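Residue numbers begin at 1 in each chain, while the letters A, B, ... track the order of the sequences. Here the structure is a predicted model, which means the values were calculated and not measured.
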Amino acid sequence: MRYDKKMRYWLMKSEPDVFGIEHLKKRPRQTEPWDGVRNYQARNFIRAMRVGDRAFLYHSNCVQPGIAGVMEIVKSAYPDATQFDPASPYFDPRSDPQNPRWQRVDVRFVRDLKRLISLRELKNYPELRDLPLVQRGTRLSVMPLTERQWKFILSIE
DNA sequence: GCCAACGTTGGC
DNA sequence: GCCAACGTTGGC
């Protein structure tokens, strides 16, 4: 995938039963570390995030897959502690503490979308054809959006 | 629950 | 470095 250094918009997937927009909203200061990214391509996008970037929160693996809300990146990448915790489902025994393999960012709740924009609907727009989310077989859990894609999605909200 | 698609692992 | 086997993701 092409990646442009100026990219400032993201989409991050989470299972709402595990951690959804409702959880984020209830966190202290409405912030949360975005843990558990264990895919190199997604990890590289995590590393590229900067404070102030915006991200859609996407609900995956649920009854109504779709974009639920808007978040802000409030802390750039730092080591994901769960990789060193044997009790964590995200434990990675291969990760070297001297050179941590996985990072996380901190996100903050910005707002709900006025309505959940379903994956089914997103697939219908030619404007979003290049978005990995809607492409067959793509499982990437963190992905960049162009400014055009970001604004388009907000325009159909 | 099924299963297609994809990423990772590890023998060779 | 190849590639078969296996594990995971995530829509349906």
Side-chain angles (χ1 to χ4, degrees), chain A residues 1-5 7 9-27 32-49 53-71 73 77-107 109-146 149-150 152-157:
Chain A
M1 180 188 307
R2 303 259 318 276
Y3 163 65
D4 176 350
K5 276 214 157 28
M7 201 78 74
Y9 302 98
W10 309 93
L11 182 143
M12 304 166 86
K13 295 183 186 175
S14 185
E15 302 188 18
D17 296 343
V18 180
F19 188 84
I21 194 86
E22 296 306 318
H23 297 91
L24 182 58
K25 216 183 289 188
K26 289 176 189 155
R27 288 293 192 264
E32 180 77 358
W34 198 268
D35 282 328
V37 172
R38 294 294 181 270
N39 166 281
Y40 287 104
Q41 197 177 3
R43 192 272 316 265
N44 292 342
F45 289 133
I46 289 281
R47 285 179 170 167
M49 290 176 175
D53 284 2
R54 293 290 160 126
F56 285 128
L57 174 50
Y58 174 88
H59 285 170
S60 68
N61 201 17
C62 57
V63 175
Q64 267 266 8
I67 298 174
V70 177
M71 308 186 291
I73 308 304
Y78 63 104
D80 179 348
T82 62
Q83 70 196 302
F84 303 121
D85 176 7
S88 169
Y90 304 124
F91 178 57
D92 182 356
R94 294 160 168 267
S95 185
D96 173 7
Q98 301 308 315
N99 184 22
R101 186 178 291 195
W102 308 111
Q103 279 79 42
R104 63 189 180 192
V105 293
D106 289 353
V107 299
F109 173 79
V110 174
R111 66 177 181 87
D112 291 306
L113 289 197
K114 295 172 195 154
R115 64 185 184 94
L116 184 128
I117 304 179
S118 71
L119 177 62
R120 176 187 246 283
E121 177 181 348
L122 292 168
K123 283 179 170 172
N124 290 331
Y125 298 111
E127 290 87 344
L128 301 177
R129 202 173 30 207
D130 296 332
L131 188 62
L133 183 73
V134 303
Q135 288 167 0
R136 176 184 170 82
T138 303
R139 300 177 311 184
L140 193 59
S141 64
V142 177
M143 69 187 74
L145 280 79
T146 64
Q149 289 165 338
W150 178 269
F152 176 77
I153 291 170
L154 291 179
S155 78
I156 59 171
E157 185 181 358

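Atoms CG (D17(A)) and P (dG10(C)) sit 14 Å apart, rounded to a whole Å. Atom CD in Q41(A) sits roughly 14 Å away from atom C1' in dT8(B) (whole-Å rounding). Distance, R139(A) CZ to dT9(C) C1': 5 Å, rounded to whole Å. Distance, Q135(A) CD to dC6(B) P: 10 Å, rounded to whole Å. Atom CG of L119(A) and atom C1' of dC12(C) are 11 Å apart (whole Å). Atom C1' of nucleotide dT8(C) and atom OH of Y40(A) are separated by 15 Å, given to the nearest angstrom. R120(A) places its CZ atom 11 Å from the C1' atom of dG11(C), with the value rounded to the nearest Å. Between the CZ atom of F91(A) and the P atom of dT8(C) there is a distance of 15 Å, rounded to whole Å.
Using a 4.0 Å cut-off, some side-chain N or O of K123(A) falls inside it from OP1 or OP2 of dC12(C). Using a 4.0 Å cut-off, some side-chain N or O of R94(A) falls inside it from OP1 or OP2 of dG10(B). Of the side-chain N and O atoms in Y58(A), one or more sit less than 4.0 angstrom from OP1 or OP2 of dG11(C). An OP1 or OP2 oxygen of dT9(C) is reached within less than 4.0 angstrom by no side-chain nitrogen or oxygen of K13(A).
Taking a cutoff of 4.0 Å between a charged side-chain nitrogen and a carboxylate oxygen, R101(A) and D80(A) do not qualify as a salt bridge. Classification of E121(A) and R115(A) as a salt-bridged pair holds, one side-chain N sitting under 4.0 Å from a carboxylate O. Salt bridge absent: E22(A) and R27(A) never bring a charged side-chain N and a carboxylate O closer than 4.0 Å.
Between the side chain of Q83(A) and the backbone N or O of W102(A), at least one donor-acceptor pair lies under 3.5 Å.
With DNA chain B read from its 5' end, the first of the two nearest nucleotides for N61(A) and T138(A) is the one closest to N61(A).
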